[in-house]
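Following: one structure in structure tokens, then a few remarks.
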Protein chains: 2
Amino acid sequence: MTESVRRAVTADERKFAQRCARGRVVVIDDDAEILSALATLLDFEGYACETYPSAPAYLQALSDDRPCFPGPCCVLCDVKMPELDGLELQQRLAALEHAPLLLMSGASGALEAVSAFRAGALDFLIKPIDADVLLQAVVKALAVSLERQRARGRRHDLVARMAALTGKERAVARLAARGRLNREIAVELDIALRTVKLHRQRAMEKLGANSVVDLARIADEGGL
Amino acid sequence: MTESVRRAVTADERKFAQRCARGRVVVIDDDAEILSALATLLDFEGYACETYPSAPAYLQALSDDRPCFPGPCCVLCDVKMPELDGLELQQRLAALEHAPLLLMSGASGALEAVSAFRAGALDFLIKPIDADVLLQAVVKALAVSLERQRARGRRHDLVARMAALTGKERAVARLAARGRLNREIAVELDIALRTVKLHRQRAMEKLGANSVVDLARIADEGGL
DNA sequence: AATTCAATTGCCCCAAGGGGCAACACAAGC
DNA sequence: GCTTGTGTTGCCCCTTGGGGCAATTGAATT
């Protein structure tokens with residue numbers, strides 16, 4: 001019996017974990033039918049799907065829903081909506097370094113599509129939307145999202161570690177990462193050779209670098 | 001008099017150099033009027049402009065014109081043309097890692113624009129084309145071209161230098177660039193420590209690296 | 001077979017990096 | 001004033017990297 005309970009729980013958990021890993025798609029459209037149709041499709045395909053009837057509703061949810069979704073995420077949004085235009089939403093989201101955006105529109109002209117791409121939309125889907133085209137776009141968008149999240153995570157981590165450095169340590173690490181010799185660093189910063197070694201050692205361990213090469217990579221990625 | 005001759009020559013040269021530095025724009029359109037109008041505008045703005053009445057004509061010129069243009073370059077091409085479609089040209093050029101492409105079209109639907117962007121076009125201009133929009137797109141395209149050329153140049157250079165390495169030298173350089181100590185490398189490759197030092201030294205000078213850090217960067221960029 | 005050339009290796013020396021230990025200076029707090 | 005803690009420095013030792021010199025080996029050439 002414990003067995004069956006455990007099974008039920010793990011099955012649920014697994015399903016949830018799978019959806020998280022696959023990613024979340026936020027769908028925004030003022031047409032309820034389309035909204036539910038897209039939700040059904042995406043849900044069936046194993047994505048964690050969230051729907052909103054308008055852009056403001058999503059922005060509202062954004063400020064509340066602080067428990068951040070663990071996994072890649074993209075937004076699929078209709079262009080023509082009464083309250084807030086898809087292109088306007090795009091601008092607001094871009095300001096937040098937000099998830100990649102897919103726009104969709106029925107029977108629209110080239111201008112809308114061009115505007116969307118220029119503003120950084122990942123794709124522009126023309127209604128009626130073909131399921132394969134949609135899913136392909138979602139896959140790509142989530143891949144981009146994942147990559148961005150990873151990059152941001154790495155960068156965040158590095159910045160945090162760099163913040164633990166004192167000024168001198170950072171200066172020494174910077175020069176060391178540029179390939180300068182300890183003696184050169186000592187002259188340049190006008191401190192004793194032994195001090196350079198100390199700061200260098202401290203910086204290396206604070207940054208988690210095992211070799212000069214590691215230090216160089218960290219300095220590169222962390223912006224010195 | 002020598003003075004005046006020299007002045008005349010340098011003025012010409014300077015003009016040519018300026019155009020090269022600004023970049024070249026290849027314009028392709030089957031409408032002769034549009035072609036000349038665009039050429040006039042671009043020429044006036046200081047770009048080195050080249051025009052072709054059809055995509056095949058440009059492809060033909062591509063195979064002949066081997067004296068490669070020294071500077072950034074982009075292609076501005078009409079979508080609707082009798083012989084070879086702009087989108088088809090796009091595919092062919094993409095296969096050649098060619099210059100960035102700007103497509104233009106009159107009164108076309110969203111589908112064309114979307115296809116263009118999906119296939120990697122940098123922008124899509126809708127006729128009638130606004131001069132400012134066009135010039136802005138050209139500036140961006142040439143900037144992209146310049147960046148690509150630089151990256152390609154660096155990579156080419158590095159690949160050439162890497163090609164000068166012997167097998168062992170490359171292996172040693174690879175491990176050294178990963179931060180391994182000489183002794184570890186010796187064990188891993190089953191050679192004497194002194195030999196590792198030799199190969200390392202040779203590799204460093206062949207690659208033009210002054211320090212381990214340089215070596216690491218070169219290995220990173222040159223795909224090691 | 002003799003020679004030549006490149007690759008590999010050992011031996012040795014020097015410079016640079018890593019780091020322990022102790023002294024010194026200086027500011028903050030008792 | 002004294003203590004404490006932090007930052008800096010000098011001294012010394014060991015390891016590692018850099019490199020000159022010569023011997024060895026093995027293959028290619030004459």
Side-chain angles (χ1 to χ4, degrees), chain A residues 154 157-224, chain B residues 154-224:
Chain A
R154 276 198 307 268
D157 185 40
L158 286 183
V159 168
R161 280 190 281 182
M162 300 240 324
L165 296 177
T166 69
K168 287 265 179 60
E169 282 167 357
R170 192 174 298 112
V172 169
R174 208 178 85 205
L175 293 172
R178 283 170 137 68
R180 302 281 195 287
L181 298 181
N182 283 344
R183 185 156 32 84
E184 297 172 336
I185 298 174
V187 171
E188 201 154 338
L189 299 182
D190 193 34
I191 53 181
L193 178 60
R194 187 64 185 84
T195 313
V196 174
K197 289 182 180 182
L198 253 200
H199 287 149
R200 182 173 184 151
Q201 178 189 3
R202 294 241 167 82
M204 296 268 290
E205 64 192 31
K206 278 184 184 176
L207 292 176
N210 298 314
S211 67
V212 201
V213 176
D214 281 357
L215 185 63
R217 290 190 213 288
I218 290 175
D220 275 356
E221 202 167 355
L224 240 229
Chain B
R154 276 197 307 268
R155 190 170 184 80
H156 202 73
D157 186 39
L158 286 184
V159 167
R161 280 191 279 183
M162 300 239 326
L165 296 178
T166 68
K168 287 263 178 63
E169 283 166 359
R170 192 173 300 113
V172 169
R174 208 177 85 208
L175 294 173
R178 285 169 135 69
R180 302 282 196 286
L181 298 181
N182 284 342
R183 186 154 31 81
E184 297 172 337
I185 298 174
V187 171
E188 200 155 338
L189 300 182
D190 194 34
I191 53 182
L193 178 61
R194 188 64 183 83
T195 313
V196 173
K197 290 183 180 180
L198 255 200
H199 286 149
R200 182 172 184 153
Q201 178 189 4
R202 295 242 167 82
M204 296 267 289
E205 63 192 33
K206 280 184 183 176
L207 293 176
N210 298 316
S211 67
V212 201
V213 176
D214 281 357
L215 185 63
R217 288 190 214 287
I218 290 175
D220 275 355
E221 201 167 357
L224 146 26

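Below, chain A is the first sequence line, B the second, and so on; all start at residue 1. Just so it is clear, the values below take in all heavy atoms, side chains as well, and ignore hydrogens, waters and symmetry mates.
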Between [X] ([atom1]) and [N] ([atom2]), how many Å, whole number?
X	N	atom1	atom2	value
Ile185(B)	dT8(C)	CD1	P	15 Å
Lys168(B)	dT9(C)	NZ	P	7 Å
Glu184(B)	dT16(D)	CD	C1'	11 Å
Arg202(A)	dG7(D)	CZ	P	7 Å
Arg183(A)	dC14(C)	CZ	P	16 Å
Leu193(B)	dC12(C)	CG	P	15 Å
Leu189(B)	dA7(C)	CG	P	16 Å
Leu198(B)	dT9(C)	CG	C1'	9 Å

Checklist entry - More than 12 non-hydrogen atoms from neighbouring residues, nucleotides or ligands closer than 6.0 Å to CZ on Arg161(B), yes or no? => result yes
OP1 or OP2 of [N] versus the side-chain N and O atoms of [X]: is any pair under 4.0 Å?
X	N	value
Gln201(A)	dG19(C)	yes
Lys197(A)	dT9(D)	no
Asn182(A)	dA16(C)	no

Checklist entry - Side chain of His199(A): nearest nucleotide among dT16(D), dT8(C), dT8(D)? => result dT8(D)
Could you pull out every donor-acceptor pair under 3.5 Å between side chains of residues 210-222 of chain B and any protein atom, sequence neighbours left out?
| from | atom 1 | to | atom 2 | distance (Å) |
| --- | --- | --- | --- | --- |
| Ser211(B) | OG | Val213(B) | N | 3.4 |
| Ser211(B) | OG | Asp214(B) | N | 3.3 |
| Asp214(B) | OD2 | Asn210(B) | N | 3.1 |
| Arg217(B) | NH1 | Asp220(A) | OD1 | 2.6 |
| Arg217(B) | NH1 | Asp220(A) | OD2 | 2.6 |
| Arg217(B) | NH2 | Ala177(A) | O | 2.9 |
| Asp220(B) | OD1 | Arg217(A) | NH1 | 2.7 |
| Asp220(B) | OD2 | Arg217(A) | NH1 | 2.6 |
| Glu221(B) | OE2 | Arg154(B) | NE | 2.7 |

Next on the checklist: Whether the side chain of Arg180(B) engages the backbone of Leu175(B) through a donor-acceptor N/O pair (distance < 3.5 Å, no angle test) should be reported.
Outcome noted: no
Residues 182-202 of chain A, side-chain donor-acceptor partners within the protein, below 3.5 Å, at least two apart:
| from | atom 1 | to | atom 2 | distance (Å) |
| --- | --- | --- | --- | --- |
| Asn182(A) | OD1 | Arg200(A) | NH1 | 2.3 |
| Glu184(A) | OE1 | Leu181(A) | N | 2.9 |

Next on the checklist: Check this for me: does the side-chain of Arg200(B) come within 3.5 Å of the base of dG19(D) through a donor and an acceptor?
Outcome noted: no
Item to check | Along DNA chain C (nearest heavy atom to each residue), the more 5'-positioned of Leu181(A) and Arg194(A) | outcome: Leu181(A)
